[in-house]
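Some notes on the structure that comes next.
All chains are named by letter (A, B, ...) in the order of the sequence lines, taking the proteins before the strands, and each is independently numbered beginning at 1.
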4 protein chains.
Amino acid sequence: MKTKGSLLSFQYEYAAPARAGVEGLHDRDALWQRFRSVRAHTQRLAAPLSAEDQCVQSMPDASPAKWHLAHTSWFFETVLLRPQLPHYRVFDERYAFLFNSYYESLGPRHVRAERGMLTRPSVEEVLRYREHVDAAMERFIDEADDAAWNEAAEVLTLGLHHEQQHQELLATDIKHLLSMNPLQPVYAPASGDGAAHALRDSTGQTSRDGRSPAGAASASVVSALHPAAVCGEPMRWLERPGGICQVGAASSHGVDDFAFDNETPRHRVLLRAHRIASRPVSCGEYLAFMRDGGYGRANLWLSDGWAAVQSQGWQAPLYWSDVQAERPGIFTLHGTREIDPAEPVCHLSLYEAAAYAEWAGARLPTEFEWEAAAAGGDPALHGTGEVWEWTRSSYDPYPGFRPLPGALAEYNGKFMVGQIVLRGGSCATPPEHARPSYRNFFPPGARWQFSGLRLAQDLDR
Amino acid sequence: MKTKGSLLSFQYEYAAPARAGVEGLHDRDALWQRFRSVRAHTQRLAAPLSAEDQCVQSMPDASPAKWHLAHTSWFFETVLLRPQLPHYRVFDERYAFLFNSYYESLGPRHVRAERGMLTRPSVEEVLRYREHVDAAMERFIDEADDAAWNEAAEVLTLGLHHEQQHQELLATDIKHLLSMNPLQPVYAPASGDGAAHALRDSTGQTSRDGRSPAGAASASVVSALHPAAVCGEPMRWLERPGGICQVGAASSHGVDDFAFDNETPRHRVLLRAHRIASRPVSCGEYLAFMRDGGYGRANLWLSDGWAAVQSQGWQAPLYWSDVQAERPGIFTLHGTREIDPAEPVCHLSLYEAAAYAEWAGARLPTEFEWEAAAAGGDPALHGTGEVWEWTRSSYDPYPGFRPLPGALAEYNGKFMVGQIVLRGGSCATPPEHARPSYRNFFPPGARWQFSGLRLAQDLDR
Amino acid sequence: MKTKGSLLSFQYEYAAPARAGVEGLHDRDALWQRFRSVRAHTQRLAAPLSAEDQCVQSMPDASPAKWHLAHTSWFFETVLLRPQLPHYRVFDERYAFLFNSYYESLGPRHVRAERGMLTRPSVEEVLRYREHVDAAMERFIDEADDAAWNEAAEVLTLGLHHEQQHQELLATDIKHLLSMNPLQPVYAPASGDGAAHALRDSTGQTSRDGRSPAGAASASVVSALHPAAVCGEPMRWLERPGGICQVGAASSHGVDDFAFDNETPRHRVLLRAHRIASRPVSCGEYLAFMRDGGYGRANLWLSDGWAAVQSQGWQAPLYWSDVQAERPGIFTLHGTREIDPAEPVCHLSLYEAAAYAEWAGARLPTEFEWEAAAAGGDPALHGTGEVWEWTRSSYDPYPGFRPLPGALAEYNGKFMVGQIVLRGGSCATPPEHARPSYRNFFPPGARWQFSGLRLAQDLDR
Amino acid sequence: MKTKGSLLSFQYEYAAPARAGVEGLHDRDALWQRFRSVRAHTQRLAAPLSAEDQCVQSMPDASPAKWHLAHTSWFFETVLLRPQLPHYRVFDERYAFLFNSYYESLGPRHVRAERGMLTRPSVEEVLRYREHVDAAMERFIDEADDAAWNEAAEVLTLGLHHEQQHQELLATDIKHLLSMNPLQPVYAPASGDGAAHALRDSTGQTSRDGRSPAGAASASVVSALHPAAVCGEPMRWLERPGGICQVGAASSHGVDDFAFDNETPRHRVLLRAHRIASRPVSCGEYLAFMRDGGYGRANLWLSDGWAAVQSQGWQAPLYWSDVQAERPGIFTLHGTREIDPAEPVCHLSLYEAAAYAEWAGARLPTEFEWEAAAAGGDPALHGTGEVWEWTRSSYDPYPGFRPLPGALAEYNGKFMVGQIVLRGGSCATPPEHARPSYRNFFPPGARWQFSGLRLAQDLDR
């Protein structure tokens, strides 16, 4: 039995899905089950939240929970139901304006920074919208002829991965919102069988920390939407040879072997020999950096990072408090408590990650070093999947990159400037969503994601 | 029977309250009834709103409805219950931080621009807070000995007027929020016996428009939180002699003859002979200004006003739409419809009011011209009480002005710079709240209040 | 002999000009001499400055010295030479765009905040522009027929007062620019016979401080563009009765009895009995306020002022340094040195002036209290003319105010909102420019003018 | 004879320098001559500018010409003279504060955005500073013992390349400043033997365009600080095979084979087969994009680019005017004229370059595709060296990148985030400064550099 605590590569977790159905037809039942499961998971995430919690937008980068609930439904309505389901009745024509995120080709849309003004439609109305879309999707999956179905299955799969991305965003956005409240509200208790549990184990299968679900139910929930303390053992360097590696995904938007277009085409890269750390950097290690004056030493920082430190007054990762205390506090979705030195450090900007690496006499891995190690078998990267790991790779298109056709061309490609690639997945990433070739990306100053780092080093330094 | 549509001065509406009780003791029952009535009215105003509506802050100048509900309770708790009610149990110690508006002397407080982040406490919790405060206030009114009571009655009265100010703000803030929503939600229907009615007639007495409540119920509600169409007749000039007038209020913070400190001391001013308009400027008249290119002619505008026109892209009053249509649209709390030319024009900045007056060959009255006319008997100012009327007086302290002692010194005095006086009251001003000496004040660019204008002219021009 | 140090009223200094010439015709020679004198004074002010000094704009509120030199010439060209001098050759048609300050009715103009981008025309070219205008003005004064002349004389006089306003602005703007330079450049030495001297005594007559020029030359220059140490004696209260007073100027834009339109019409006001201080507040007194924590006590401040203290980090008047030292430093146009406790405190915002007054148990005078005292004979206001004195009067129009006709309507009237009146004149105000009815005005947060304060008090407090 | 108009690769221009002197000692005379030449060239660039032109800062990204003159001298003083020349007298201790650009390790420095406030020191003083440094450098080169010299020669060479970078910045910054002036001043005429000539041919050797200096003198000057019209012939695709290539520079900071640290280490990359355009995109071609609605079609743009188009109102490249005219105007350092369709389009942001490429059915080359083609011999890239060419490569560190030791570590490495690589050099790049491995970098929205583009395409599209 694979255990999370071992050094076994996490990529096996992504190897599970069976291949496509007989004679090339995607299995309607299986996809319908998956659709229901993903959709239900989104709502479980919102369940602990009041209508007020779901409505407010805490900063322009974040969106209200209610908006996530509606937008992910708009996506299915727009790319599948409207064009392909005969006699589909649009739930509300005005939602095309309200819940289009950024698709210029789909017409004008509501200003992003004003999503929090939408006290109407209410949460109830949005849930009715979801039911309406779900019912229509069920009918569509039932009624589509084989040709239409086979094509639609890929778009549907994209829609599910899209919704999973928003599940993570919903968690990070709500965390940011609640953190702004002086009352420091608790999203959900860290134990029990409520919504928090659902976040990490909605499938009823082996929980992320590798313990059997029966015996570990309450324990596994402890770390539900917070990184597990996987950095208890000393970091070791894994030596990696140089040479040509295959990276990326063969094709995008399949059903059983889904990948986003930004992971394609699969191609060869030339790596230099290097070392990569056996596990992410821990809170305890990061605290040593802070205690050594890390936030006050310009020479450790990228120029933009140093400017951010000064203009933002950064002294610690986002959500830390009592920074001078021997053990600082940390705001989590399950309450505020002391940091655990064995947790991966989290909610860092790229700037902080790079400054830490400089202080530690190391560097960040490139996205390809990371991917090669993650995909490369035994021994591999421990602790992956707790925090997104900043790489030292800007988010540029792969050679030969071609976006999806139509409106979906806007899904990824147009953001390929000014952002940095993160790899791996986090405690808030839904199960079966990430994979070694997955390219997450955020601007270098972003801190509200579950973002940490893993060190690397040149071999010949 | 006094009718609203006549030229009879509105000041009689404010003359009703009986004098203080026997032997100088304020009547506990009467004040308790008034307390209950005002407190209930606030909640009736919020009743048509969902929890989401009550939580969101649409701009830094506005506050969430829920915040208004809580802050007005905090006020009683802070100035009466904590210092004066033995064994008073504070509802939640953290509310002193959350719901202090701007009292520096009462300690640190939550950032104004982040009031909308407070998804917790919930509306329900805030309503429990209100009940808790109301119950304690009842006990206090019952149990206070005569000396304490007589002193407290004045502070209580201030608290009620404070709450009435927030009733109007609640209405203007909600109007702004709903207007930001592309769905253009209706706060409440303009007819029927629902909450909208309550806004203008919570006392069960003669409604503001002078019609008998029984027969006019549905009609009176039509104009509930929107200015009534009182400008149907042609404007006439009322000639006013020059000379020495008494203005202001004799003393602040009484019970039966309450006035804010900024209205004191009563003093003499020297007026010049002038004319003042018989009624406010109407939407129809303002539309003529617009059609004559008023928003494009720099020479009509104050310098800061012209800059605002250009930087904000103003082309019409706030909440107008379809400006090029023969009859533009207007967003109201009761839905969007065409403007009524006989309505007072509303939601103007001082800049627009002054530009209109310039275009019309007139000027705005000073606050003292206005007050002298309003207080001066027959014939007087028609249409007063529908829209706050911008004056050409900056909000400076009166000669001999002395703020209240203690924390209440911050109530008015510290805002006496950079603001302009408005007079009269609006459709959203609670009954018995305004009076001829009342000095409302806002920065010259503010448009989200129910603000219009009345013209004046020098006699010897 | 009147001495500056005495309590004799300064208004006599403004009484000197002789009446208009025989038979109602203004004296051409006298005006030409005055024109030459004013124009030469402007250039003397710029003489100590390099071309670089004259080109740079240190903030949007300030203008480059070169721009002042050109704009004041553009004024004469635009209001006199173009419309009235036959065959006048415009120096450069493009200057109408570059050097129009804010006259909307005179066409589009260069963006105010970009005046510092004008490295061309060069200083030399601007000086040629001035010569060109001066020569044309000489011809105009010679050649105009009597009717045209008599009318033009008033506009010419306005142009001279306009240029004097810019002389003071040139000094304050250059002071601000030089203060931004870490090298802390000296504009001119405080002694000697250089340009600095010229600033205060360009006419060759009795110097501003009343001493004979011969004996006082070096001493008078010491304080040239810095307030003289006139606060050496203890402040005394001057009691002033209440009642009706005449304020303002009878008519605007005369020649021998010139006043700006904003000083008119002369009218009666009703004053309340009060006290006014015998002299301005000194640096020593202000330092006591600072030492008593004045910048840290919210209850002393207007709300906007307290916000400014916090957002700007104010801890002392503008241009003070080493604030913790026993004797802080002060940057002046004549170098950086220690403050002199007997100097009037200078470079305050209204907010600081009002906070100081609150701390001192006093208030600021209204503009009419100030004017009545200044115009009222003996004993009167000592130290007037060293620093502009903030009043507690917003800059509103006088009753019956009517702006000048044509483009000159924009001179003053359109700024009558959001500003505060200052009275008296400063060390940088040219001789014969100010008068008791003079209304200077700036926004309440402005600190780069030579602005201080004088206390007042209600009699019956 | 190599001619500019041919397809011969420009890299030969960079191949000229002879190897280091005998026995490994760098030739003192040769370096001194080169020092003098580079230093003189900087001053020739500034010669057509008035003191005012040299003082003003037109935006935070730009620096005053005078500041460039001083900063480049401060560099030699700081890295060579102070640490290594015995008895060196620092010219002015305060300059370390004023003219340090961004070296945190060298102490505090003047705020970048306020460089334009430095009207002092004057241009004359800065020129004296340059003389002082030059004289000391001459003494240093003479007197250093061999060991010190050999080490210093590398730093000196770096200092010269540093100064050459500032020569280009001086030109681009002055262009921006002059363009802000409604008078549209001419920096220098495009013909004659003045300073403009010097810009492109300060060495007296073969001019950049390959013509013999004698015959081409006047012609070469025509295009002096403006891209030459090298796009007259139709663009052809050059097919480039995939495979492993060497890129980068072997070592940084040599003398005869100088490279910046950001070009190192030389390493192998794996390229995919592709096409690259024979010449840059021309103004004529770009105009076709504009006429086809390129600035109005969101689907062509990166997301940040589309936001910039809308917020900045971009409709054409920077410095274009009369955009609707058949032949738009263009502001150049030699005056404003119509665009030449055969000129390379210039002053584009990366966003515009990428949108054009999308419109043209192509893409931008990666920096390695560009370098391989430029270094790769015949046939190669025509028109290189007229405009910097945006690549589709973010400015990330090379594998194994190690910054210089000491303060010079800040030279390049700390800027490696948020920027995009440009390749090739421009008409404003000094001779012998660029090379195929040269990595210029700017943020994607920057337009004031001489930046254009060259197209590329995948082979298998």
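When B/Ser58, B/Ser50, B/Pro182, B/Pro185 are compared by the number of non-hydrogen pairs under 4.5 Å with chain A, B/Pro182 comes out ahead. Heavy-atom pairs under 4.5 Å with chain A peak, among B/Val111, B/Leu177, B/Asp53, at B/Asp53. Annotation: maximal heavy-atom pairing with chain A below 4.5 Å, among B/Leu118, B/Leu49, B/Leu178, occurs at B/Leu118.
Side-chain atoms of A/Glu52 come within 3.5 Å of backbone N or O of B/Val123 as a donor-acceptor pair.
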Open item on the list: Applying side-chain contact (heavy atoms from CB on, under 4.5 Å) to B/Leu183 and A/Leu98, what does each step give before you reach the verdict?
Closed with: CA-CA 9 Å; B/Leu183 304 185; A/Leu98 294 184; 3.8 Å; yes
TODO: Assess whether side-chain contact (heavy atoms from CB on, under 4.5 Å) is satisfied between B/Asn181 and A/Met117, documenting all intermediate values.
DONE: CA-CA 6 Å; B/Asn181 193 325; A/Met117 298 295 112; 5.8 Å; no
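Taking every heavy atom of both residues into account, B/Cys55 and A/Val56 meet most closely at SG-CG2, 3.8 Å.
If you measure heavy-atom distances from B/Gln54 to chain A, you find no contacts under 4.5 Å at all. Looking at B/Arg94, only its side chain comes within 4.5 Å of chain A, counting heavy atoms on both sides.
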